[in-house]
Amino acid sequence: MIDYGKIKGSQDVEIPQLLIDQVIGHEDAIETIKKAAKQRRNVLLIGEPGVGKSMLAKGMAEMLPPEVLQDILVYPNPEDTNNPIIRLVPSGEGKKILKSSKSTVSNYDEWKTIIILFLMVGAVLVGFYFKRFWETAIIILLLFLVAALTKLPRNASVGPKLLVNNADKRFAPFIDATGAHAGALLGDVRHDPYQSGGLGTPAHERVEPGMIHKSNKGVLYIDEIGTMNMKTQQELLSAMQEKHYSITGQSETSSGAMVRSQPVPCDFVLVASGNIQVLEGMHIAMRSRIRGYGYEVFMKDYMEDTKENREKLVQFVAQEVKNDGRIPHFSSSALDEIIMEAKRRSGKKDALTLRLRELGGLIRAAGDFAKEQGADLVTAEHVVESKKFSRTLEQQIADRSIIQRKEYSVYNPKGGKIGIVNGLAVIGDRSGLISPIAAEAAPAQSTHEGKIIATGKLGEIARESVQNVSALIKKHTGTDISHYDIHVQFLQTYDGVEGDSASVSIAAAVISAIEEIPIDQTVALTGSLSVRGDVMPIGGATAKIEAAAEAGIKKVIIPRSNLKDVMIEKKYEEQIEIIPVDSLSEVLDNILVGGSRKNNLVKKMKAIGTAVAEKVPNTSIKGNIPNKSN
């Protein structure tokens, strides 16, 4: 597949030093990040999980302009104990100051210990000399000890506390604050149960820095920012604007709420991320500030299948092997298999997936399998075999569902049945499933018009597609379905159906029920219908075909426009025949059991379809939304 030249495997690939150069397939996003880093701009990254958002944020931290990093110390305030003093020093100096302070405290402790021992020895000698005054000597000793413990200052209040330590840091700080609660993000003051009698911990010792303070002069990264509490988002926005934020107790009932430090620097660059839905929960002022003082980037989930991009995927494999540190390198045949899997997961023949976190899971599974076999290199066979162990939960659920539905005769890939069709569905993004659909036609109870009644847990778009089918049937078969009450059932759809890619299956089932023509049960189908009766493309074609093959189906009908993107695994190629179609009449021609009634119906549909095509523009009923589509 690839002309590797001098490269015999992933061990021969040179890995870039900078993290930003290790990001694969996001050239436009990288250029934006470089601009944002140069000018210290905030960034919002929107895209699917696993496409590299956090890696871009880490890479940005390495690219920030060099600045003088600082350590942050907190000191007791002799004038107001509840308002600790903040002091900034050059990075590395904080440790020295703390060490010097501890040394002073240590010397003080030694002298204090010597004095107390001297008093104790003196009291013993007095008691020994005046044998009759032992009791008096003990009382004197206790008085001296109490005086020493209460009159002398406590060690904890002598020195400062190091809040932020930037010693020996090569790049600007990078702090991942994803999922952090308010105290961890904004800083907090620990509760002190001992607040009197000289037993309490001094206020400055209880101050804890937040992630916004630790990321000062660096990058603060927050994934799924829309899930953050709105009040916390407001406080974060204030910190971004002021570049300083005082630390106080986050719980109003805690003694820490009485303490408020002087303002602590938090001059960070915010990189927020999430999928498109995250915008709904994002504070409008937060997004406005990012948009007005930074960049918004929509990240791709696939890249073009070119020689250059294949080489980048090979680099990705080498990076994963190095980062994992426990798996062997990949041979050229294994690299070819990984690239083929990247093509399959993209859903397009001319594309490669950029959901590389999931692809990385396959790489590690293949590496683990090869290591278990004692191999020095991962081969193509290891990659193929490892797919069995790296199947997603949705794929495992789909496998179990196919077995259960077949065992309990929910579908049976044999013979012909009236009004029952083997539809195809997708769980998640690439897990296929057989979804049988049954239709029954009965004389209408109403003298005015019949009804289509759909059962099953259907989404809004799926329910609309059921209703739209009635108009299609009337127009393309010439049968007036107003004389019928038609019941359509999506069998065992416990977790719901969404999308309109079942509209071809529904139409076939209903027509079979009305015309009383059996449907071939060795065939499964999927597709969306236009108002002209054209079969429109759907999502997840490859996964659906593979699910049909696993279920024992012999043929599968798909939209012709999906044929170019079908990339089923080799083991399925001999098991199933793929039939591409363009129109509803072609669907019925391939799925209805032969006979004069079938032939007359198909001929009539083709004639009506030709007449309709001259009058109606080619428009789709509804766009396909493959949350779980049939």
Side-chain angles (χ1 to χ4, degrees), residues 305 340-351 353 384 387 395 398-399 401-402 405-406 411-416 420-427 429-437 499-509 512 519-530 533-594 598 602 620 624 626 628-630:
D305 182 11
M340 178 56 68
E341 186 64 21
K343 288 170 64 67
R344 293 183 71 253
R345 296 191 181 196
S346 73
K348 301 181 178 182
K349 276 192 172 179
D350 58 351
T353 185
V384 172
K387 290 181 185 180
Q395 289 172 316
D399 292 344
S401 177
I402 289 172
R405 293 184 181 191
K406 196 170 182 180
Y411 70 89
N412 187 7
K414 295 179 182 178
I420 296 180
V421 65
N422 294 318
L424 295 170
V426 168
I427 302 176
D429 58 350
R430 64 175 191 275
S431 304
L433 183 69
I434 296 290
S435 181
I437 300 171
D500 81 320
S501 62
S503 52
V504 166
S505 303
I506 296 167
S512 169
I519 290 176
D520 187 352
Q521 297 300 297
T522 66
V523 182
L525 70 163
T526 183
S528 174
L529 281 174
S530 75
D534 296 327
V535 180
M536 310 297 289
I538 43 80
T542 297
K544 292 176 179 179
I545 294 169
E546 292 182 345
E550 287 284 353
I553 299 293
K554 301 302 180 184
K555 300 177 182 179
V556 63
I557 298 172
I558 66 169
R560 189 178 300 277
S561 50
N562 279 121
L563 186 61
K564 61 183 177 59
D565 295 323
V566 172
M567 291 170 284
I568 62 174
E569 294 188 29
K570 291 182 179 179
K571 64 179 181 179
Y572 299 120
E573 291 178 355
E574 300 298 325
Q575 297 180 28
I576 196 162
E577 179 185 353
I578 301 171
I579 303 173
V581 297
D582 294 307
S583 65
L584 181 58
S585 59
E586 286 185 76
V587 171
L588 297 176
D589 196 17
N590 283 282
I591 202 170
L592 296 178
V593 175
K598 168 194 168 180
V602 172
S620 175
N624 182 45
K628 176 187 175 186
S629 56
N630 287 293

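All heavy atoms count here, side chains included; hydrogens, waters and symmetry mates do not.
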Are the side chains of [Y] and [X] in contact, using a 4.5 Å heavy-atom criterion?
X      : Y      : value
Arg344 : Ile568 : no
Met340 : Lys570 : no
Leu525 : Asn422 : no
Ile545 : Val566 : yes

Going by the rule side chain to side chain contact (heavy atoms under 4.5 Å, CB included), which residues pair with [X] if we only count those two or more places apart in sequence or in a different chain?
X      : value
Ala342 : Leu313, Leu352, Thr353, Leu359
Val581 : Val535, Ile557, Ile579, Glu586, Val587, Asn590
Lys571 : Glu550, Glu569
Lys348 : Tyr302, Ser346, Asp350, Ala351, Asp565

Of all heavy-atom pairs between [X] and [Y], which one has the smallest distance, and what is that distance?
X      : Y      : value
Pro580 : Leu563 : CG-CD2, 3.9 Å
Leu424 : Ala548 : CD2-CB, 4.1 Å
Val421 : Ala509 : CG1-CB, 3.9 Å
Ile553 : Ala524 : CG2-N, 3.6 Å
Lys544 : Ile538 : NZ-CD1, 3.9 Å
Ser528 : Ser503 : CA-OG, 3.3 Å

Point to revise | Partner residues of Lys387 under the side-chain hydrogen bond (donor to acceptor under 3.5 Å, both in side chains) criterion, sequence neighbours left out | key: Glu341
Exercise for review: Give a yes or no answer on whether the side chain of Gln521 reaches the backbone of Ile519 with a donor-acceptor pair at less than 3.5 Å.
Suggested key: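 Indeed, once roles are kept as given, a pair shorter than 3.5 Å links the two residues.
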Review point. Is a side-chain N or O of Arg560 found less than 3.5 angstrom from the main chain of Asp582, in a donor-acceptor match?
Key: no
Exercise for review: Determine, stepwise, if the pair Lys555 / Asp520 fulfils salt bridge (charged side-chain N to carboxylate O under 4.0 Å, His left out).
Suggested key: CA-CA 10 Å; Lys555 300 177 182 179; Asp520 187 352; 5.4 Å; no
Review point. Which is it for Leu584 and Leu529 under the side-chain contact (heavy atoms from CB on, under 4.5 Å) test, yes or no, and what are the steps along the way?
Key: CA-CA 8 Å; Leu584 181 58; Leu529 281 174; 4.2 Å; yes
Exercise for review: Run the salt-bridge test on Asp305 and Lys349 with the 4.0 Å N-O cut-off and return the result as yes or no.
Suggested key: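 A salt bridge is absent here (no side-chain N lies under 4.0 Å from a carboxylate O).
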**Study point:** Separation between OG of Ser583 and CG of Asp534, rounded to the nearest 0.5 Å
**Key:** 7.0 Å
Point to revise | Inter-residue atom distance Met567.CE - Glu546.CD, 0.5 Å rounding | key: 10.0 Å
